[in-house]
Amino acid sequence: MTTKFPPINPRFPHMLHGGDYNPDQWPEEVWAEDMRLMKLANCNAMSTGIFSWTHLEPEEGKFTFGWLDRIMDMLAENNAYAVLATPSGARPAWLSKKYPEVLRVREERLRNLHGIRHNHCMTSPIYREKVRIINTQLAERYKDHPALLVWHISNEYNGECHCDLCQDAFRAWLKKRYNNDLDRLNKAWWTAFWSHTYTDWEQIESPSPVGELYQHALNLDWKRFSNEQTFDFFLNEIKPLRELTPNVPVTTNFMGLFPGLNYPKFAEYVDVVSWDSYPVWHTTEADWRLGAQISFVHDQNRSMKGGQPFMLMESTPSNTNWQPIPKLKRPGMHMLSSLQAVAHGSDTVQYFQWRKSRGSSEKFHGAVVDHVGHEHTRVFQDVSDLGAVLKKLDGVVGTSVRPDVAIYLDWENRWAIDDMQALGRGRRNYPETVLAQYLPFWKRGIPVDVISEEAEISSYKLVIAPMLYMLKPGVAERIRAFVANGGTFVATYWTGIVDETDLCFLGGWPGGGLREVLGIWDEETDTLTPDERNSVLPAPGNELGLTGSFTAKDYFALIHAETARVLATFGSDFYAGRPALTVNDFGKGQAYYIASRNDEDLTDAFYGKLADKLDLLRALPVELPEGVTAQLRTDGEKRFIFVMNFNPMPATVDLGAVHYRSLVSGEPVSGMLALGAYGVEILEG
Ligand code: GLA
Ligand code: ZN
């Protein structure tokens, strides 16, 4: 099966390398030097104009594009490209002053003053109109400019607004969602509870700490609405760009696992996914553990558009000044963490920022060009070295991977879990629970897709549903069909509890038809104190071959094996002997149920057994040392294997008898592959 996608923009079939570029903060004398340095750093793409609105429109209707014209020309003269931004991420003060409706209202119903950024009302017709005008101007002016490669829409959209315009829009959205039927909404939201039944649409208000707070279905629908207002705002932004520059791809930079925006839904509206990654390496947590977390997010970004390569829109070349510990990247980490993004499907490595700003809040943030102003710095050299490697990766551009494994990470499910009053506070840790199931695959170099509930799953061998509390319409049906047709499914405790408006399934959990697939009935769930433990004891002679004794914590589903076979039981408490791990045959497939939150050793042993049993696709057919992973990109014929050592000391990987070629050195590689501290090798073969 081919896994080759076109380049982000076919005009440039190479890896993009560059960063946020703010020449409007600097005198013109600096610009020529920027171009000289850009070439030395092996950079070819500059994200320009992200917060430039006041420089482009200093007064309402008065446009000053001269400086940007010169920058665009200089980029083109130097064979570089602009990832050109629309400036809505920060608005001019004149706009807020003249049209206060653009200022966001907080949930306490307090209107913000003008300041900082990323905080406009998504509904305001005036703001939308002003954005449409400036975006049209930009597109008209640069539509034929050779430097225009990608549109960078706004910046890191986030947040919500509770103004009257938004309240009206919310009610209109609800009317549409509930078919103009208030009774239907009341039933879906279970408003008879505490006498909260609405008798008029006008009574509905967004959630607020000074108003309605515990109406979980309202909270969910408000989040859905705020998301859709953001998508709609985005669509308003790109309308003139679509008309004037139909061949220039649009993206907007996502923020990894930021909870506020349902990125898999947002991804439907962009041409290419991009995200901003700011891990803090070298802290008390082993770097390889953080490495696995970041791999997980990269995989999530690749999975959103069916494996299509994404963009690493921002990362720091050195430290991230706003993080609690703004630690410098140790030697090797810049190359490793950048190629890690590529390994998981990025066709770019980009930074915040190109030139370190002289003043204001980001003057101490890592940048390619430091305040010293020349190229003779460690960081500049790291960036330049990486750029030299990226130039050798033309063959990797557009390639991807089709994993055998998918894990659900669903944003709406996360909202519901975070908001519910169950399982105690501070330990529900939904994303961490998903990550815990991912880790065994990362350690084995087994590629994984990270998918939302809406995703199609028929092509996978193994689908994992950790804490899939909320089953939206169609999900259980897809899982049933998947298993019936021979797929292997794994669910954990706290799966299949509520429907999409947070109404509990009646008649026995897991609901929606999953009870039959899993062959168990989940009667109750126990929550232990943080320091309590129970044990999980594999049944003698169990069909997975699990042996020993394992530790479990936090959550315990007290289940009945109905048609399922019991693979392990709990060791103590009043539910000693009850099933802890089960498997059920359903149609041609099998469905496993993990009834407790288990320590890493059991999770690793369990998925290790499944990986062997199902013969899952691996990047390398060998065992990897701790802290080393291997990831795969392929066009269906050529295979590019990224072998990455996240340890601060060297590691060796036994490649066996297979012969590869290094894309970095061009030399043949076989036998024992030695990786230095934070070392990375890209093998073709
Ligand atoms: C975000 C923003 C950038 C910059 C960086 C700093 O990702 O998009 O404008 O503020 O953080 O890390
Ligand atoms: Zn508003």
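Just follow the structure's listing: the first ligand is 1, and inside any ligand the first atom is 1. Computed over heavy atoms, backbone and side chain alike; hydrogens, waters and symmetry mates excluded.
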Where ligand 1 meets Asp276 - atom numbers and elements under 4.0 angstrom, heavy-atom basis: 7 (O), 8 (O)
Residue pair His196 / Glu212, side-chain donor-acceptor N/O under 3.5 Å: yes
Centroid separation Phe310 to His298 less than 6.0 Å: yes
Presence of salt bridge, Asp271 and Arg242, under 4.0 angstrom: yes
Any donor-acceptor N or O pair under 3.5 Å, side chains Asn155, His118: yes
Distance flag, aromatic centroids of Trp442 and His344, threshold under 6.0 Å: no
Atoms of ligand 1 close to His365 [distance to a heavy atom under 4.0 angstrom, numbered from 1]: 6 (C), 12 (O)
Per-atom contacts of ligand 1 with Glu362, taking only distances under 4.0 Å to non-hydrogen atoms: 4 (C), 5 (C), 6 (C), 10 (O)
Between Ser400 and Gln308, a side-chain donor and acceptor under 3.5 Å: no
Phe233 side chain near Ser154 side chain, heavy-atom distance below 4.5 Å: no
Taking atom 3 (C) of ligand 1 as the reference point, the nearest protein heavy atom with its distance: Glu314 OE1, 3.3 Å
Salt bridge Glu375-Arg36, side-chain N to carboxylate O under 4.0 Å: yes
At the Zn ion (ligand 2): angle between Cys163 atom SG and Cys161 atom SG, to 10 degrees: 110°
Atom 9 (O) of ligand 1: the protein heavy-atom neighbour that sits closest, reported with distance to 0.1 Å: Arg117 NH1, 2.9 Å
Met255 contact mode with ligand 1 (heavy-atom cut-off under 4.0 Å): neither
Within reach of ligand 1, part of Asn155 (heavy-atom separation under 4.0 Å): side chain
Enumerated ligand 1 atoms positioned under 4.0 Å from heavy atoms of Glu156: 1 (C), 2 (C), 7 (O), 8 (O)
contact_flag Gln323 ligand 1 heavy-atom lt 4.0 Å: no
N, O or S from His162 under 2.8 Å to the Zn ion (ligand 2): no
